[in-house]
Amino acid sequence: MLKQEAEGLHVYNTLTGQKEPFKPITPGQVRMYVCGMTVYDYCHLGHARVMVVFDVVTRWLRARGYQVTYVRNITDIDDKIIRRAAENGEGIEALTARFIAAMEEDAAALGVLKPDHEPRATQYVPQMQEMISRLEQNKLAYLAADGDVNYSVRDFPGYGKLSGKSLDELRAGERVEVDSSKRDPLDFVLWKRSKPGEPSWDSPWGGGRPGWHIECSAMSSTLLGEHFDIHGGGADLQFPHHENEIAQSEGASGKPFVNYWMHNGFVRVADEKMSKSLGNFFTVREVLKKYDAEVVRFFILRAHYRSPLNYSDAHLDDAKHALTRLYTALKNTPPAAVTLDWNEPHARRFRAAMDDDFNTPEACAVLFDLAAEANRGDARAAGLLKALAGVLGLLTQDPVAFLHGAGAQQAGAGELAAADIERRIAERAAARKRRDWKESDRIREELAKQGIVLEDGPSGTTWRRN
RNA sequence: GGCUGGAUGGCAGAGUGGUCAUGCAGCGGACUGCAAAUCCGUGUACGCCGGUUCGAUCCCGACUCCAGCCUCCA
């Protein structure tokens, strides 16, 4: 495990727009909150990116010796959920349970470790009400004519500090719908009066349900305290969601809320943001039919978390070939058992990369250098390769198993079974023995047509799926 | 319109004021019955125009183009 002081981790903080030395509030401990999913549909690649990115952040913090408490919430009550459930003629609980299960499945497939807490909004309604009351006491919330409780943004002096906007600038956009019951168009709902038939909780302001932003403020302070280290999420949450969280949390507690804000870049399709509203999204399970989950994870980690990531089959294929190279090295040279020495030159470079705002592409470059050394027969390099990749949650499979399965996760129907392949290889070996190259090449050709690549080595023929 | 980011070789994608990113693809060689894999070698890459500098892809300024946010979105 790494000494935390050595050189030092630097994190890009959206709040300041700069990389800053990372200093936890409590030495040796990190408390991190990440905005998770609203569970009314399957995860798409954008969600996958958030999960993988902050999974790696957590893993690296732990590798560095920090004791991490990682919270990733689940939004299980909101307009879209209500609407979707109504469309489906399905109960809200049934709908959310279904998509929570699907999300857990996707996350597990992608090698994402479970967060320490996965709180659901519906389980924290009392805490939200308590916070809203405090905001009322602090003159930051008011009951509007339509029965909603709103946050009064102009009464919170720091409003806009995360997104770098002033209230005037925001208003200039004039895309905000005029809502006469709000004192300021940017005021947002803390507590929403329920319409008949909608889920409703009793409250001092009448039957209603929480606004979207309040859940994160309530859950984070309950589980991590009013002031914690890292808050993460997709870049699109910067405004208004995270801005509003700050307003709520700091408005209620009077304390600073979060020290480091981290936002990951979008997944794009044809240079456009992948999003539900554009309809240009690919669900995780859809992609996993075509690509091994580790390929998807590797694809995400080959780009820096703050950069945009363009999705296309060609790019996934590229990632697959690259990952195949890594696994091939492990197959060629079985890794020696090594204990990670962070002062070893490769490990040092890897560490420096990860310490520099989680520069996973640079860390991956180290992996490829080690693969080259492993291919020259260096079992220690292979061992180091496996160990460092493991820190990123990569190269966790058996190399031969990966190479035999690479491509589709589920060996699709119509795909040649391993036993058949082995049988053909044996037949080819016989042909080769009698120097019948024509027959030998015919068999190889035939297998190639089915995506099977044969590799003749000194100790026999091995195969992999292309 | 306002505010953020970005523009790197065929593609993907890091990074740096003056010797290497890395991967995929390509090319040449080795190995192989032939391949594949692997190894060795191989590319006048840094949007455009000025400026600072002995020297800029990297610093500064203008410009062009792209993406994102300003409405739900990871």
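Because only heavy atoms are used, hydrogens play no part in the values below, and waters and symmetry mates are left out as well, while side chains stay in. The sequence lines fix the lettering, A, B, ..., with proteins before strands; numbering per chain opens at 1.
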Undergrad: Round to the nearest Å and state the distance from A:H263 atom NE2 to B:C70 atom P.
TA: 12 Å
Undergrad: Given B:A36, B:A14, B:C34, identify the nucleotide with an atom nearest to the side chain of A:E362.
TA: B:A14
Undergrad: Checking all strands, does A:S277 fall into the base, sugar-phosphate, or nothing category for heavy-atom contacts under 4.0 angstrom?
TA: base
Undergrad: Take atom P in B:A7 and the same atom in B:C46, then report the distance between them in whole Å.
TA: 14 Å
Undergrad: Which value, in whole Å, describes the distance between the P atoms of nucleotides B:U57 and B:G17?
TA: 13 Å
Undergrad: Using a 3.5 Å distance criterion without hydrogens, assess whether the side chain of A:Y40 forms a donor-acceptor pair with backbone atoms of A:F99.
TA: no
Undergrad: Quote, to the nearest angstrom, the C1' distance that separates B:U32 from B:U38.
TA: 11 Å
Undergrad: Please classify the nucleic acid contact of A:N359 as base, sugar-phosphate, or nothing, using heavy-atom distances under 4.0 Å.
TA: sugar-phosphate
Undergrad: Under 3.5 Å, is there an N or O donor on one side and an acceptor on the other linking the side chain of A:D317 and the base of B:C24?
TA: no
Undergrad: Considering only side-chain heavy atoms of A:F266, which listed nucleotide, B:G23, B:A74, B:A35, is closest?
TA: B:A74
Undergrad: Send over the distance from A:F281 CZ to B:C72 P, rounded to a whole Å.
TA: 19 Å
Undergrad: Do the charged groups of A:D456 and A:R428 touch, with an N to O distance under 4.0 Å?
TA: yes
Undergrad: What distance, rounded to whole Å, do you find between the two P atoms, one in B:U52 and one in B:G68?
TA: 38 Å
Undergrad: Counting the benzene-type ring for Trp, do A:Y33 and A:Y70 have ring centres under 6.0 Å apart?
TA: no
Undergrad: Check the phosphate of B:A36 against A:W463, side-chain N and O only, distance under 4.0 Å to OP1 or OP2. Yes or no?
TA: no
Undergrad: Does any N or O donor sit under 3.5 Å from an N or O acceptor when you compare the side chain of A:K80 with the base of B:C73?
TA: no
Undergrad: Under a 4.0 Å threshold between the charged nitrogen and the carboxylate oxygen, would A:E294 count as salt-bridged to A:R297?
TA: no
Undergrad: Can a salt bridge be assigned to the pair A:E90 and A:R98 using a cut-off of 4.0 Å between side-chain N and carboxylate O?
TA: yes
Undergrad: Between B:G33, B:C24, B:C11, spot the one nearest the side chain of A:H315, thanks.
TA: B:C11
Undergrad: Provide the distance between the two P atoms, one in B:U8 and one in B:G47, to the nearest whole Å.
TA: 7 Å
Undergrad: Please work out if A:V53 contacts a base, only the sugar-phosphate, or nothing of the nucleic acid, heavy-atom cut-off 4.0 Å.
TA: nothing
Undergrad: What's A:N264 touching, base or sugar-phosphate or nothing? Going by heavy atoms closer than 4.0 Å.
TA: base
Undergrad: Apply side-chain contact (heavy atoms from CB on, under 4.5 Å) to the pair A:K331 and A:F402, showing each step before the final yes or no.
TA: CA-CA 10 Å; A:K331 187 197 91 173; A:F402 175 85; over 6 Å; no
Undergrad: Grab the CD-P distance between A:E272 and B:C65 for me, whole Å please.
TA: 18 Å
Undergrad: Please give me every residue in residues 229-251 of chain A whose heavy atoms get under 4.0 Å of an atom in RNA chain B, ordered by residue number.
TA: A:G233, A:G234, A:D236, A:L237, A:F239, A:P240
Undergrad: Let me know the distance between CG of A:N73 and P of B:C73, rounded to the nearest Å.
TA: 12 Å
Undergrad: Closer than 4.0 Å, any side-chain N/O of A:N375 to the OP1 or OP2 of B:C39?
TA: yes
Undergrad: More than 12 heavy atoms of other residues, nucleotides or ligands under 6.0 Å from CZ of A:R434: is that the case?
TA: yes
Undergrad: Can you sort out which residues in residues 427-439 of chain A have a heavy atom within less than 4.0 Å of RNA chain B? Ascending by number, please.
TA: A:R428, A:R432, A:W437
Undergrad: Under 3.5 Å, side chain of A:E243 to main-chain N/O of A:L162, donor-acceptor pair present?
TA: yes
Undergrad: Report which part of the nucleic acid A:A322 touches: base, sugar-phosphate, or nothing (heavy-atom distance under 4.0 Å, all strands).
TA: sugar-phosphate
Undergrad: Could you tell me whether the phosphate oxygens of B:C24, OP1 or OP2, come under 4.0 Å of any side-chain nitrogen or oxygen in A:H321?
TA: no
Undergrad: A:D357 and side-chain hydrogen bond (donor to acceptor under 3.5 Å, both in side chains): which single residue from A:H10, A:K19, A:R306 fits?
TA: A:R306
Undergrad: Below 30° counts as parallel, above 60° as perpendicular, anything between as tilted: where do the rings of A:Y305 and A:F358 land?
TA: perpendicular
Undergrad: Rounding to the closest angstrom, what is the interatomic distance between B:G43 and B:G9 at atom C1'?
TA: 7 Å
Undergrad: Which heavy atom of A:L340 sits nearest a heavy atom of A:A347, and at what distance?
TA: CD2-CB, 4.4 Å
Undergrad: Does A:S307 get its side chain close enough to the base of B:G5, under 3.5 Å, for a donor-acceptor pair?
TA: no
Undergrad: Between B:A14, B:C3, B:A37, which nucleotide gets closest to the side-chain atoms of A:A303?
TA: B:A14
Undergrad: For A:G265, report the nucleic acid contact type (base, sugar-phosphate, nothing); a contact means any heavy atom under 4.0 Å.
TA: base
Undergrad: A:S275 has a side chain; which of B:A74, B:U38, B:C73 sits nearest to it?
TA: B:C73
Undergrad: Specify the residue among A:L45 and A:R306 whose closest nucleotide of RNA chain B lies further upstream toward the 5′ end.
TA: A:R306
Undergrad: What's A:D271 touching, base or sugar-phosphate or nothing? Going by heavy atoms closer than 4.0 Å.
TA: sugar-phosphate
Undergrad: Looking only at side-chain N and O atoms, does A:R325 come under 4.0 Å of OP1 or OP2 in B:C39?
TA: yes
Undergrad: Using heavy-atom distances to pick each residue's nearest nucleotide on RNA chain B, tell me which of A:R376 and A:L309 is more 5'.
TA: A:L309
Undergrad: Within 45° of the ring axis of A:F282 and under 6.0 Å from its six-membered ring centre, is that where the NZ or CZ of A:K290 lies?
TA: no
Undergrad: Kindly determine whether A:D187 and A:Y151 satisfy side-chain contact (heavy atoms from CB on, under 4.5 Å), including the steps that lead there.
TA: CA-CA 5 Å; A:D187 285 355; A:Y151 190 102; 5.7 Å; no
Undergrad: For B:A35, does the base pair up with any side-chain atom of A:R444 as donor and acceptor (N or O, under 3.5 Å, distance only)?
TA: yes
Undergrad: In whole Å, what is the span from the NZ atom of A:K331 to the P atom of B:A36?
TA: 15 Å
Undergrad: Select one nucleotide: of B:C39, B:G68, B:G33, the one nearest the side-chain heavy atoms of A:K273.
TA: B:G68
Undergrad: The side chain of A:D369 lies closest to which of these nucleotides: B:U22, B:A14, B:C24?
TA: B:U22
Undergrad: Can you measure A:R302 atom CZ to B:G23 atom P for me and round it to whole angstrom units?
TA: 10 Å
Undergrad: Taking it one step at a time, do A:R64 and A:D355 satisfy side-chain contact (heavy atoms from CB on, under 4.5 Å)?
TA: CA-CA 9 Å; A:R64 262 195 143 291; A:D355 271 354; 2.6 Å; yes
Undergrad: Given B:A67, B:A37, B:C34, identify the nucleotide with an atom nearest to the side chain of A:D441.
TA: B:C34
Undergrad: My understanding is that only one of A:F188, A:W212, A:W261 makes a ring pair (Phe, Tyr, Trp, His ring centres under 6.0 Å) with A:H241; could you say which?
TA: A:W212
Undergrad: What is the separation between atom CG on A:N310 and atom P on B:A14, rounded to the nearest whole Å?
TA: 12 Å
Undergrad: Dot-bracket for RNA chain B: what is it, with Watson-Crick or G-U pairs under 3.5 Å, [ ] where a pair crosses earlier ones, and | for a pair to another strand?
TA: (((((((..(((.....[...))).(((((.......)))))....(.(((..]....))).))))))))....
Undergrad: So what does A:A372 hit on the nucleic acid, given a heavy-atom distance under 4.0 Å: a base, only sugar-phosphate, or nothing?
TA: sugar-phosphate
Undergrad: Does the side chain of A:T96 pick up a donor-acceptor pair with the side chain of A:D76 at under 3.5 Å?
TA: no
